[in-house]
Amino acid sequence: MGRGLMSSSNDRRLDVAVLYPDLLNLYGDRGNARAMARRCAARGIEATVTGVDIGDQWSPEQSDLVLIGGGQDREQRRVQADLLRRGNAIRDYVNDDGVVLAVCGGFQLFGHQYRGWDGDVMDGIGIFDAVAAHPGPNVSRCVGNVVALWEGETLVGFENHGGRTYLNDGQQALADVASGFGNNGGDGLEGARVKNAFGTYLHGAVLPKNPHLADRLIALALERRYGPGAGELEALDDGAALRAHAEALHTALSATESPLGRRFA
Ligand code: GLN
């Protein structure tokens, strides 16, 4: 890898890995990789997207950005042993400022542990200092549109999870819930962040509707690979993405689904 080399915009490249793209792809999470590739291509940054399936040879150090999506408990269980085998390498990658986006079921498995709807416990790889537990089949799932406040901007997405995530003391959340459930519908927190690893419950896919988050991930990955300043990105024509974002905001905020009792419309 050419990490540390400065580079002109024309020869920058990013290698994107998508973990378990077929098994963990709820609500179009694979669209996150497409959004990455498109936003890179529009700036002359060559992005390759590689799927990593169970048993595949892959070292996170080959990658600049690692994406993992959501899945039902059954799919999480299918990938869990393979993910655990990769745990040390992924932790090293995150400690080395590697960029990660982990969504919903993937987010849960990037915490310490997820207890599924049937009570079965799956260990996670402990990137996030968090535990998740499903309260069982008789308790409602957290379903609906989410608006979260992130660094003075909004993030929008769709959530559908039975598991509730609780961050341990000192674990930073990604964002604050404005509408929807977020991590657990109780503490007003959404997602988690450790170094350049982002965890979230937002599907959508989340990146096409939140171009500012997509660009943050790209910028972090470029700076890690090419050094300070390499993450300066030219603006794109985001008309369609911003219309989708506004539409999602409108849908979420005119609904009365917020467990926090907040109404925006
Ligand atoms: N199976 C997990 C849950 O129900 C994750 C679901 C998802 O990824 N949307 O909590």
Side-chain angles (χ1 to χ4, degrees), residues 18-33 35 51-54 66-84 90 100-128 130-148 155-167 171 173-175 177 179-187 189-192 197-210 213 248 251-252 257 259:
V18 184
L19 303 188
Y20 319 115
D22 296 321
L23 290 168
L24 298 184
N25 179 34
L26 269 190
Y27 311 113
D29 287 335
R30 241 171 10 204
N32 290 329
V52 179
D53 290 306
I54 292 171
V66 174
L67 304 175
I68 182 168
Q72 295 175 8
D73 289 17
R74 193 183 44 211
E75 275 70 44
Q76 288 172 279
R77 216 167 262 128
R78 283 178 67 185
V79 306
Q80 188 230 359
D82 187 82
L83 182 66
L84 283 185
I90 297 175
V100 170
L101 177 68
V103 175
C104 201
F107 171 40
Q108 293 168 343
L109 291 178
F110 270 50
H112 294 300
Q113 155 182 121
Y114 171 52
R115 195 184 72 217
W117 72 275
D118 57 2
D120 211 30
V121 171
M122 295 175 237
D123 286 333
I125 60 172
I127 300 293
F128 301 112
V131 290
H134 193 306
N138 300 327
V139 178
S140 307
R141 298 177 65 80
C142 302
V143 184
N145 297 291
V146 189
V147 178
L155 295 176
V156 295
F158 173 74
E159 64 183 331
N160 184 351
H161 51 107
R164 273 71 166 168
T165 287
Y166 297 91
L167 308 181
Q171 169 62 63
L174 177 63
V177 176
S179 180
F181 295 89
N183 284 349
N184 53 56
D187 62 17
L189 301 176
E190 205 314 288
F198 294 65
T200 181
Y201 270 108
L202 302 187
H203 294 282
V206 65
L207 295 183
K209 287 185 196 168
N210 294 282
L213 178 60
T251 305
E257 63 196 15

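Start at 1 and go down the list; that is how both ligands and their atoms are numbered. Every heavy atom of this structure was used, including side-chain atoms; hydrogens, water molecules and symmetry mates were not.
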For the residue pair [X] and [Y], confirm or rule out a side-chain donor-acceptor distance under 3.5 Å.
X: Tyr201; Y: Thr165; result: yes
X: Asp82; Y: Tyr20; result: yes
X: Arg141; Y: Asn160; result: yes
X: Tyr166; Y: Asp187; result: no

Nearest heavy-atom approach of Ala33 to Val18 is CB-CG2, 3.7 Å
Distance filter under 4.0 Å, heavy atoms only, around ligand 1 gives Leu26, Gly70, Gly71, Gln72, Asp73, Gln76, Cys104, Gly105, Gln108, Tyr114, Arg141, Asn160, His161, Gly162, Gly163, His203
Notebook entry, point to check: Would you call the rings of Phe107 and Phe128 parallel, tilted or perpendicular, where under 30° means parallel and over 60° means perpendicular?
Noted result: perpendicular
